[in-house]
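Numbering of ligands and ligand atoms starts at 1, following listing order. Keep in mind that the numbers below use all heavy atoms, side chains included, and drop hydrogens, waters and symmetry copies.
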Amino acid sequence: MDIDLTVKTVTKKFQDFTAVDGVSFDIARGHFFSILGPSGCGKTTLLRMIAGFDNPDAGEIEIRGENVLGLPPNKRPVNMVFQHLALFPMMNVAENVAFGLRRRGEKDKSRLSARVSAMLQRVGLQGFETKQIGQLSGGQQQRVAIARSLVLEPAVLLLDEPLGALDLKLREHMKVELKKLQSEVGTTFMYITHDQSEALVMSDYIAVMNRGKFEQIDTPSNLYNRPQTPFVARFVGDNNSWSGTIRERNHDRMTVETDDGHRFRVRKTSSASPGAAVELFLRPEAILIQPDPGLKEINRFSVVVRSILFDGASSRLLVSPLHSSRELIVSLPQNRQFDHIKPADQLEIGWSEAAGITFEQTEPLP
Ligand SMILES: Nc1ncnc2c1ncn2[C@@H]1O[C@H](COP(=O)(O)OP(=O)(O)OP(=O)(O)O)[C@@H](O)[C@H]1O
Ligand SMILES: [Mg+2]
């Protein structure tokens, strides 16, 4: 497989603050690769070093096998799409898209307009050539910004939260469009976001970033189903979590006593022994409501329903264990059988011993 971008142990410091800390990854040709992490974790700083706006203090960056460190941005085969699209409001759509080509020295009018029109067609804006930027919707402006970058045929297109300025409905629409566009043109995308739903929908691979470091690089489904760190378990998707202590352990199972007094049986983790502090995570959809009493290997307990969050296709229950104020999220199956549930009801819930994910606690919880 051809590799378009290689980043090796790249570090960037601002005075004594390390914004990017020994990050390494490859992006294969044609992949949609996202970097997902909370505000301030170092995403833009990393992107700016790849684009050439900043230099790393240590590490290597190669694009299609060529070392690009030391090259100015316009000599690197990458282009960047910003959150605030930075379109030229005084130019029409075609002039915006032609801008980079002209700057590269393309003067032939008919060649220019053919390339621009072909690109506009690709992003679904055929016939928009002479429209002014101010006459376009947010989503259309988005596509012009992408067309303006893609027409330069970068090895990698770098996108820094490009949907950030759009309203929710349009973002939902654009993330599907953007993924479609990327698979059609086949250009390698490196996409930055703090929004996990964007990353999960669009990406072939996602790197989850936290405080300058990568916690896990994986497919969306592995990140969701097999998080490798507590941070990933907390950041990707909803999770219920408990702090607890291992009480017993046998060949494949262990018993965890949680801080709020449950004793749960869970799959054994690598090495932890009795007495060790652990953090236990459980997805809302892993919780069964009124599990069949005949089912074995289920952790069961009683809860009171606090509220029902109806959200069309995916309703959720907020429940509290008896005599406890903590709330758990339970995803409510679309099933007539549960129509009768209402706030203040008492229910038994349960979860399969295999569904919990435990991590040894290596540092105190924030
Ligand atoms: N030029 C700079 N000088 C000093 N500190 C900086 C500079 N640029 C970024 N930082 C710091 O580095 C950290 C990472 O910033 P960065 O912009 O990369 O975050 P981000 O992950 O893109 O966040 P957001 O999602 O909010 O855009 C932040 O703490 C920021 O304050
Ligand atoms: Mg940023």
Side-chain angles (χ1 to χ4, degrees), residues 5-25 27 32-61 63 68-73 76 78-87 138 141-142 145-146 149 154 156-168 170-172 174-175 178 188-203 205-218 220 223 227 229-237 363 366:
L5 176 68
T6 301
V7 170
K8 282 187 208 152
T9 57
V10 161
T11 293
K12 176 74 184 175
K13 295 187 174 166
F14 297 110
Q15 287 85 45
D16 51 3
F17 174 75
T18 306
V20 174
D21 193 356
V23 161
S24 300
F25 62 101
I27 307 183
F32 196 120
F33 187 97
S34 294
I35 296 188
L36 170 66
S39 183
C41 73
K43 304 180 296 295
T44 297
T45 305
L46 177 58
L47 205 70
R48 288 173 53 83
M49 291 189 281
I50 295 165
F53 299 116
D54 258 328
N55 287 314
D57 295 304
E60 290 165 42
I61 299 176
I63 299 172
V68 293
L69 290 181
L71 293 181
R76 298 188 185 194
V78 296
N79 282 98
M80 198 151 161
V81 178
F82 299 91
Q83 173 171 347
H84 299 289
L85 308 170
L87 293 170
Q141 292 185 17
Q142 191 63 56
I146 290 166
S149 297
V156 183
L157 185 64
L158 307 171
L159 303 103
D160 192 353
E161 310 237 12
L163 306 185
L166 306 179
D167 66 46
L168 182 67
L170 195 50
R171 290 172 77 127
E172 291 298 309
M174 281 305 293
K175 69 189 183 197
L178 203 54
T188 306
F189 274 32
M190 175 171 158
Y191 186 93
I192 282 187
T193 182
H194 62 263
D195 179 338
Q196 44 123 354
S197 77
E198 279 178 20
L200 291 175
V201 165
M202 294 191 284
S203 314
Y205 284 90
I206 301 173
V208 178
M209 192 172 187
N210 177 28
R211 295 199 219 151
K213 291 194 164 97
F214 279 5
E215 297 250 339
Q216 185 172 350
I217 304 176
D218 226 321
L223 281 181
T229 70
F231 180 83
V232 174
R234 235 175 280 145
F235 197 73
V236 180
E363 50 187 280

Item to complete: Kindly write out the residues that satisfy side chain to side chain donor-acceptor pair (under 3.5 Å) with K12, not counting sequence neighbours, or none if the list is empty.
Response: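 For K12, no residue satisfies side chain to side chain donor-acceptor pair (under 3.5 Å) once neighbours in sequence are set aside.
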Item to complete: May I ask you to decide whether R171 forms a salt bridge with D195, counting only side-chain N to carboxylate O separations under 4.0 Å?
Response: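 Yes, charged N to carboxylate O under 4.0 Å.
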List the atom pairs, donor and acceptor, that lie under 3.5 Å between side-chain atoms in residues 33-42 and the rest of the protein, sequence neighbours left out.
unit_1	atom_1	unit_2	atom_2	d
S34	OG	S203	OG	2.7

Any donor and acceptor pair, going by atom type alone, linking the side chain of [X] with main-chain N or O of [Y] inside 3.5 Å?
X: S24; Y: T9; value: yes
X: Q142; Y: P162; value: yes
X: Q196; Y: G237; value: yes

Worksheet item: Near the Mg ion (ligand 2), which protein N/O/S atoms fall under 2.8 Å?
Response: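 Within the sphere that stays under 2.8 Å of the Mg ion (ligand 2), the protein atoms of type N, O or S are T44 OG1.
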Discussion item. So M80 and F53, do their side chains get closer than 4.5 Å, heavy atoms only?
Written reply: yes
Discussion item. Against L47, only a single residue in I192, D54, V78 fulfils side chain to side chain contact (heavy atoms under 4.5 Å, CB included); can you say which?
Written reply: I192
Worksheet item: Would you say Y205 has more than 12 foreign heavy atoms packed within less than 6.0 Å of its OH?
Response: no
Practice prompt. Sort out the contact shell of ligand 1: every protein residue with a heavy-atom distance below 4.0 Å, listed by chain and number.
Written response: F14, F17, A19, P38, S39, G40, C41, G42, K43, T44, T45, E161
